[in-house]
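A quick write-up on the structure given underneath.
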Amino acid sequence: MITIDNNTFPRVADSGNWLVMKFGGTSVSSLQTWETIRDLIVERQAAGFRPVVVHSAVANVSNRLEAALEAAVKGEFAAELEGITSVHADLAAALGLESTLLDELAGELQQLLAGVRLVREVSPRVRVRVMALGELMATTLGAAYLQAAGIEVTWTDARDALQSVDIPHENERSRYLAASCGTDADTELQHRFDGMPGVILTQGFIAKNPSGESVLLGRGGSDTSAAYFAAKLQAAGLEIWTDVPGLFSANPHIVSGARLLNTLSYQEAQEIASTGGSVLHPRCIRPVRHHGIPLRVRCTSQP
Ligand code: ASP
Ligand code: MG
């Protein structure tokens, strides 16, 4: 069992005490990180929070899906598909899960890629469906692992919770591939989640538009998904679990004197995210800032 600071966030009286925990691709790619996630959930629950886990596709899978689409346009995608399938099969094996868990999603991926090969082009809608499969595959494994580890989990489709807003004159690509959602509190969602047992586990990156079609929130958009969930649920806090310990005053790979920043305002965090700091997605600050929800960046390998 790892030791963590339980009092990450003050609990709020008369609230759902939701705590949104977002895990990036490297944080969901090995047995070791999943053991950490399991322990963190147990500790958060013991401290009186209701965790909502939002997590990314397995590390590099979104890049591999993009490469598979490009390969399919050119006429051959077998190697790319095989790579994606085996990454998940390896992770399933490491987590002690049946590899057949993903058969249906893998079959859908194969069919979509075959369709792209046939027409030799990728429409934004088809791209969304292919990219969404990375998040669906990862969360299917994540939920099954936590369940097998004795944690009650409700897997839920993020597209039933996050609806994008139509922006007038927005082009088709950004409407489907880089959509935005509202940040108002959502009491209906709070009640719905309240009725779901255990930990709620869902995807980042995907949402639905007002016509009910799937859309993406832009590459790296899982941070933003987690922030939308925090805003809608009026969460006690948002934790972004990643592979670095926080935001730095400068890029620590380039500037030797870069300092880890202990505390910063939403505005300062926004400036760092918008000017190329790669820790937080630039769109993930606004939803939590809107409601004054505290956000913490944490490192999964050093919890
Ligand atoms: N999996 C998606 C991506 O790599 C979303 C995310 O991880 O934030 O862009
Ligand atoms: Mg990220």
Side-chain angles (χ1 to χ4, degrees), residues 20-30 33-34 37 52-70 80 83-85 87-88 91 102 105-106 108-109 112 122 124 126-143 155-159 161-162 164 173-174 176-181 201-208 214-231 238-244 247 269 272-274 276-288 295-301:
V20 179
M21 306 171 75
K22 185 265 173 174
F23 295 90
T26 49
S27 301
V28 296
S29 298
S30 70
T33 53
W34 273 106
I37 294 172
V52 174
V53 173
V54 175
H55 77 80
S56 295
V58 172
N60 248 324
V61 162
S62 300
N63 293 336
R64 285 170 177 269
L65 287 165
E66 284 187 335
L69 282 168
E70 273 164 43
E80 287 76 9
I84 293 162
T85 312
V87 165
H88 290 97
L91 180 59
L102 299 184
L105 295 170
E108 195 178 328
L109 176 59
L112 286 164
V122 193
V126 168
R127 184 175 295 275
V128 172
R129 289 197 49 194
V130 166
M131 299 303 287
L133 285 169
E135 318 301 311
L136 295 168
M137 290 197 265
T139 53
T140 300
L141 294 182
W155 181 98
T156 189
D157 192 320
R159 292 169 292 189
L162 300 186
S164 65
R173 277 190 74 79
S174 45
Y176 284 98
L177 306 179
S180 314
C181 303
L201 184 143
T202 193
Q203 308 75 38
F205 194 38
I206 58 176
K208 232 175 213 167
S214 296
V215 296
L216 302 177
L217 304 180
R219 288 300 311 270
S222 293
D223 293 350
T224 311
S225 299
Y228 288 141
F229 276 107
L238 168 62
E239 296 178 340
I240 304 269
W241 289 86
T242 181
D243 50 6
V244 293
L247 297 181
I272 291 177
S274 306
S278 57
V279 178
L280 293 174
H281 192 278
R283 288 190 179 181
C284 84
I285 315 279
R286 190 179 55 95
V288 287
L295 182 162
R296 293 219 173 162
V297 177
R298 291 299 191 89
C299 183
T300 312
S301 60

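In each ligand, atom 1 is the first atom listed, and ligand 1 is the first ligand listed. Not measured: the values here are computed from a predicted model.
Those atoms of ligand 1 with a heavy atom of Glu135 less than 4.0 angstrom away are 1 (N), 2 (C). Set against the non-hydrogen atoms of Phe205, the atoms of ligand 1 under 4.0 Å away are 2 (C), 5 (C). The distance from ligand 1 to the heavy atoms of Arg219 drops below 4.0 Å at these ligand atoms: 3 (C), 4 (O), 9 (O). Of all atoms in ligand 1, numbered sequentially from 1 with element shown, those under 4.0 Å from a heavy atom of Ser56 are 6 (C), 7 (O), 8 (O). Ligand 1 places these atoms under 4.0 Å from at least one heavy atom of Ser62: 1 (N), 2 (C), 3 (C), 4 (O).
Between the side chains of Arg283 and Ser180, at least one donor N or O sits under 3.5 Å from an acceptor N or O. With no hydrogens or angles considered, a side-chain donor-acceptor pair links Thr33 and Ser30 at under 3.5 Å.
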CA sep, side-chain torsions, deciding dist, call: Val54, Val20, side chain to side chain contact (heavy atoms under 4.5 Å, CB included): CA-CA 7 Å; Val54 175; Val20 179; 4.0 Å; yes
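Heavy atoms of Gly221 come nearer than 4.0 angstrom to ligand 1 in at least one pair. Within the 4.0 Å heavy-atom cutoff, Met131 does not count among the residues contacting ligand 1. Taking a 4.0 Å cut-off on heavy atoms, Gly24 fails to register as neighbouring ligand 1.
Residues passing the side-chain hydrogen bond (donor to acceptor under 3.5 Å, both in side chains) test with Glu108, sequence neighbours excluded: Arg129. By the salt bridge (Lys or Arg N to Asp or Glu O under 4.0 Å) test, Arg159 pairs with Asp157, sequence neighbours left out.
Between the side chain of Tyr228 and the backbone N or O of Cys181, at least one donor-acceptor pair lies under 3.5 Å.
Between Gly220 and ligand 1, a contact under 3.5 Å exists for at least one N or O pair.
If you run ring-ring contact (aromatic ring centres under 6.0 Å, His included) between His55 and each of Trp155, Trp34, Phe205, only Trp34 comes through.
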